[in-house]
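In what follows, a single structure is set out as structure tokens and then discussed.
Along the sequence shown, residues are numbered consecutively beginning with 1.
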Amino acid sequence: MLGLQKGTVRLVDYTPLWAELYQEEEKRIRAAVGHLIVDIQHIGSTAIPGIKAKPILDMIVAVARFREALSCRVPLEAIGYDYIANAGLKNDHVFGKGVERTHFLHLVEYETAEWTNPLRFRDRLRKDAELAREYERLKEDLEERLGNNPAEYTSEKLRFIREVIAS
């Protein structure tokens, strides 16, 4: 159900099971770092009912102050996450789970753009089915052209994402 081999892009049809799997993972994360975090949310395409997605659960976890974020590292590693030190995202500590990645977790400061922008994008697509379908069509086209280049696939989606967030 979840998992994507490194270096590939593969979209699969939406399943309501993703929401259930997110709820289960949220409980594990809260048990491990609940005392250190402010909130946790399901983001990314698996959080948008009805559209295709890579079979990886994306989550965003907020801490009160970014400088405290890495205090979550050891507890997250204890539940199977690896810290991706070279992710290259400003003000965002990224963790992955699984050899074939099943989960990505973004650890950011609460109420910053790194927190609000992914939620704004998710919520816009949840409320606007046509916009969600437009995003799905873009991803299908990118999968066809860039299925062996996840970095370029992600980069190509950014213009659309930024436009939605700004509108």
I'd like a table of donor-acceptor pairs (distance under 3.5 Å, sequence neighbours excluded) in which one partner is a side-chain atom from residues 7-20, with atom names and distances.
unit_1, atom_1, unit_2, atom_2, d
Thr8, OG1, Gln5, O, 2.6
Arg10, NH2, Gly3, O, 2.9
Thr15, OG1, Leu17, N, 3.2

Please list every donor-acceptor pair under 3.5 Å in which a side-chain atom of residues 46-58 meets a protein atom from a residue at least two apart or in another chain.
unit_1, atom_1, unit_2, atom_2, d
Thr46, OG1, His42, NE2, 2.8
Lys52, NZ, Glu140, OE2, 3.1

Can you give me every donor-acceptor pair (side chain of residues 69-77, partner residue at least two apart or in another chain, under 3.5 Å) with its distance?
unit_1, atom_1, unit_2, atom_2, d
Ser71, OG, Glu68, O, 2.5
Arg73, NE, Glu77, OE2, 2.9

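Within the structure, every pair that satisfies the side chain to side chain donor-acceptor pair (under 3.5 Å) test and touches residues 118-131, not counting sequence neighbours, is listed here: Gln41-Arg122, Asn117-Arg120, Arg124-Ser167, Glu130-Arg133, Glu130-Arg137. A salt bridge (charged side-chain N to carboxylate O under 4.0 Å, His left out) check over residues 93-102, counting only residues at least two apart or in different chains, returns the pairs Glu25-Lys97, Asp82-Arg101. Residue pairs meeting the salt bridge (charged side-chain N to carboxylate O under 4.0 Å, His left out) criterion with at least one partner in residues 154-167, sequence neighbours excluded, are Arg159-Glu163. Counting only residues at least two apart or in different chains, ring-ring contact (aromatic ring centres under 6.0 Å, His included) contacts with residues 45-67 comprise Phe66-His93. For the ring-ring contact (aromatic ring centres under 6.0 Å, His included) condition, the pairs that include at least one residue of residues 138-167, sequence neighbours left out, are Tyr135-Phe160.
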May I have the step-by-step check of side-chain contact (heavy atoms from CB on, under 4.5 Å) for Arg30 and Lys27, ending in yes or no? CA-CA 5 Å; Arg30 285 191 185 278; Lys27 288 176 188 172; 5.9 Å; no
Step by step, would you call Glu109 with Asn91 a side-chain contact (heavy atoms from CB on, under 4.5 Å)? CA-CA 8 Å; Glu109 185 172 329; Asn91 300 320; over 6 Å; no
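Both Ile40 and Leu36 belong to a common hydrophobic cluster when Ile, Leu, Val, Met, Phe, Trp and Tyr are linked at side-chain heavy-atom distances under 4.5 angstrom. Linking Ile, Leu, Val, Met, Phe, Trp and Tyr residues whenever their side-chain heavy atoms come within less than 4.5 Å places Tyr22 and Leu107 in a single cluster. Clustering ILVMFWY residues whenever any of their side-chain heavy atoms sit less than 4.5 angstrom apart, transitively, puts Leu2 in the very cluster that holds Ile79. Under the 4.5 Å side-chain heavy-atom criterion for Ile, Leu, Val, Met, Phe, Trp and Tyr, Ile165 and Leu138 are members of the same hydrophobic cluster. A continuous path of hydrophobic side-chain contacts links Met59 to Phe95 [ILVMFWY only; heavy atoms under 4.5 Å].
Checked by atom type and distance alone, the side chain of Thr154 pairs as donor or acceptor with a backbone atom of Pro150 at under 3.5 Å.
Here Glu24 pairs with Leu21, Arg28 under the side-chain contact (heavy atoms from CB on, under 4.5 Å) rule; sequence neighbours left out. By the salt bridge (Lys or Arg N to Asp or Glu O under 4.0 Å) test, Lys139 pairs with no residue at all, sequence neighbours left out. Under the rule for a side chain to side chain donor-acceptor pair (under 3.5 Å), the partners of Glu114 that lie at least two apart in sequence or sit in another chain are Thr112.
Counting side-chain heavy-atom gaps under 4.5 Å among Ile, Leu, Val, Met, Phe, Trp and Tyr, the cluster of Leu119 also holds Val38, Ile43, Ile60, Val108, Tyr110, Trp115.
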